[in-house]
Amino acid sequence: MKSKYKHLSAKQPIGVFDSGVGGLTVAREIRRLLPNEDIIYFGDTKHLPYGDKSKETIAGYSTKIAAFLLEMNCKAIVIACNTATANALKEVKKLVGNRALIIDVVNPVSEKVAYELHQNIGVIATKGTVASGIYRKAIRKHNKFINVNELATPLLVPAIEEGFSNHPITRAILANYLSNKKLRGIETLILGCTHYPLLEREITQYYGKAVKIIDSPQIVANELRHRLGKHQLLNKDNPQPSYHFYLSDITRNFQRISRKFFGNKIGLELKVL
Ligand code: DGL
């Protein structure tokens, strides 16, 4: 097969971006599945949350970040943000062209659930993701018989960014959202925002075993491994990979979670685009 990424090399880093700490759930999984890869992460904490911004604004932020990750010589860019995927995937793809592989967080997850035994799927996500209807469209492209019910849960990202994950307030907000009638009767729940796996324990506590929670970061990291492998771009010889984090505003919560996931030796740098 003639690869359109022939000019790229396996030694180049993988770029990952999100509005804040959410994408760290994806980056953590990438490191687990691909332990020889260097990772460059951009967290747009200055502009957070993306969930209530307009499409044009989100596309503007996302293309700037993608251009920065290209400058940093990334061979692949993982849009580890559902809201950016829903509002800016086309624009990012257009800007990047064949200069790097693009992996988003919605399509690999939608394709996987569409071919499993699901009938009633719930999706919780930001307002910007729900308004786009991206999950319903992406799942039903593969399987028209699945009911997809999307619910906007806008208070969760601010609570997570404030470090309120394991807190009675957040559990009360969650109980309020998850008891919404739109989610009645679901067998499966997609966490349609990369911040939400940080609440996975609380969500599982709410449902018990009644509802299957989809592990999006793992599906996305698998897709990345598959795509890199297909183009001979997997880094096989890098025993001491580097993890570098750029933030448009340094927040304590980001420092805390990035160190919890990646250890104390990571580089953390302010970068305003
Ligand atoms: N983590 C992002 C997502 O997956 C967005 C959070 C936000 O900034 O609203 O949608």
Side-chain angles (χ1 to χ4, degrees), residues 4-5 7-8 12-27 30 37-108 125-129 131-132 134 154 157-158 160-161 192-195 217 220 223-224 227 233 242-251 253-255 257-258 262 266-273:
K4 66 172 184 165
Y5 300 105
H7 53 288
L8 299 176
Q12 291 175 252
I14 292 169
V16 180
F17 79 88
D18 179 42
S19 59
V21 295
L24 290 173
T25 62
V26 178
I30 294 174
E37 301 287 347
D38 295 327
I39 299 177
I40 296 180
Y41 187 98
F42 190 92
D44 198 6
T45 34
K46 186 175 168 202
H47 298 128
L48 176 112
Y50 278 11
D52 56 9
K53 306 258 183 331
S54 71
K55 183 173 170 56
E56 291 68 33
T57 302
I58 297 166
Y61 295 153
S62 304
T63 46
K64 266 197 184 158
I65 299 168
F68 169 69
L69 293 172
L70 282 178
E71 246 173 66
M72 300 308 288
N73 198 30
C74 292
K75 62 183 171 190
I77 296 177
V78 180
I79 309 177
C81 175
N82 292 261
T83 315
T85 301
N87 291 282
L89 178 60
K90 230 181 26 217
E91 289 78 358
V92 170
K93 277 190 169 163
K94 190 166 162 216
L95 174 100
V96 173
N98 71 345
R99 291 185 284 169
L101 269 79
I102 304 279
I103 316 292
D104 70 272
V105 279
V106 175
N107 288 299
T126 66
K127 280 192 215 165
T129 300
S132 74
I134 189 169
V157 167
I160 294 165
E161 286 288 337
C193 171
T194 52
H195 279 69
V220 173
E223 171 74 8
L224 172 66
R227 296 270 308 280
L233 287 172
S242 74
Y243 304 113
H244 205 93
F245 297 80
Y246 292 92
L247 293 180
S248 53
D249 189 18
I250 305 236
T251 65
N253 192 46
F254 194 97
Q255 286 176 319
I257 299 182
S258 55
F262 285 85
I266 55 168
L268 227 139
E269 212 175 300
L270 181 69
K271 178 84 198 168
V272 181
L273 296 178

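Note that the numbering runs from 1 along the sequence shown for the chain. Heavy atoms only: backbone and side chains are in, while hydrogens, waters and symmetry mates are out.
- Distance CG/L101 to CD1/I14: 9.5 Å, rounded to 0.5 Å.
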Step-by-step side-chain contact (heavy atoms from CB on, under 4.5 Å) determination, I79 to S62: CA-CA 9 Å; I79 309 177; S62 304; 5.9 Å; no
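- A donor-acceptor pair under 3.5 Å is formed between the side chain of H7 and the backbone N or O of N98.
- Nearest heavy-atom pair, A86 versus S132, reported as atom, atom and distance to 0.1 Å: CB-OG, 3.3 Å.
- Between T45 and T251, the side chains place no donor N or O within less than 3.5 Å of an acceptor N or O (distance only, hydrogens not considered).
- For the side chain to side chain contact (heavy atoms under 4.5 Å, CB included) criterion with V106, the lone passing option out of N82, L89, V220 is N82.
- For the atom pair CG (L224) and CD1 (I102), the distance works out to 11.5 Å, reported to the nearest 0.5 Å.
- The line from CD1 of I65 to SG of C81 is 8.5 Å long, rounded to the nearest 0.5 Å.
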Step-by-step side-chain contact (heavy atoms from CB on, under 4.5 Å) determination, I134 to N87: CA-CA 9 Å; I134 189 169; N87 291 282; over 6 Å; no
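- Contacts classified as ring-ring contact (aromatic ring centres under 6.0 Å, His included) and involving residues 71-106 (residues at least two apart or in different chains) are not found.
- Taking the side chain as every heavy atom from C-beta outward, P154 and D52 never approach each other to under 4.5 Å.
- Residues F262 and Y41 keep their aromatic ring centres 6.0 Å or farther apart.
- Applying the salt bridge (Lys or Arg N to Asp or Glu O under 4.0 Å) test to pairs two or more places apart or on separate chains, those with a residue in residues 55-75 are E37-K75.
- Partners of E161 according to the side chain to side chain donor-acceptor pair (under 3.5 Å) rule, which considers only residues two or more places apart in sequence or in another chain, are H195.
- Closest heavy-atom contact between A125 and G192: CB-O, 3.4 Å.
- In this structure, L48 CG and N253 CG are separated by 10.0 Å, a value rounded to the nearest 0.5 Å.
- Counting only distance, with no hydrogens or angles, the side chain of T194 and the backbone of A80 share a donor-acceptor pair below 3.5 Å.
- Minimum interatomic distance between A100 and L70 (heavy atoms only, all atoms of both residues): CB-CD2, 3.9 Å.
- Applying the ring-ring contact (aromatic ring centres under 6.0 Å, His included) test to every pair with at least one member in residues 65-107, sequence neighbours left out, gives these pairs: F42-F68, F68-Y246.
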Test side-chain contact (heavy atoms from CB on, under 4.5 Å) applied to C193 and V157, step by step: CA-CA 9 Å; C193 171; V157 167; 3.7 Å; yes
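- Taking NZ of K271 as the reference point, atom CE of M72 lies at 7.5 Å (rounded to 0.5 Å).
- In this view, D18 satisfies the side chain to side chain donor-acceptor pair (under 3.5 Å) rule with no residue, not counting sequence neighbours.
- The salt bridge (Lys or Arg N to Asp or Glu O under 4.0 Å) pairs that include a residue from residues 78-100 number zero, where partners must be two or more places apart or lie in different chains.
- Rounding to the nearest 0.5 angstrom, the gap separating the CD1 atom in I58 from the OG1 atom in T129 is 7.5 Å.
- Nearest heavy-atom pair across S258 and L268 is OG-CD1, 3.6 Å.
- Looking only at atom types and distance, the side chain of D44 has a donor-acceptor partner in the side chain of Y50 under 3.5 Å away.
- Taking both residues in full, the closest heavy atoms of V96 and A66 are given as CG2-CB, 4.2 Å, listed atom of the first, atom of the second, then distance.
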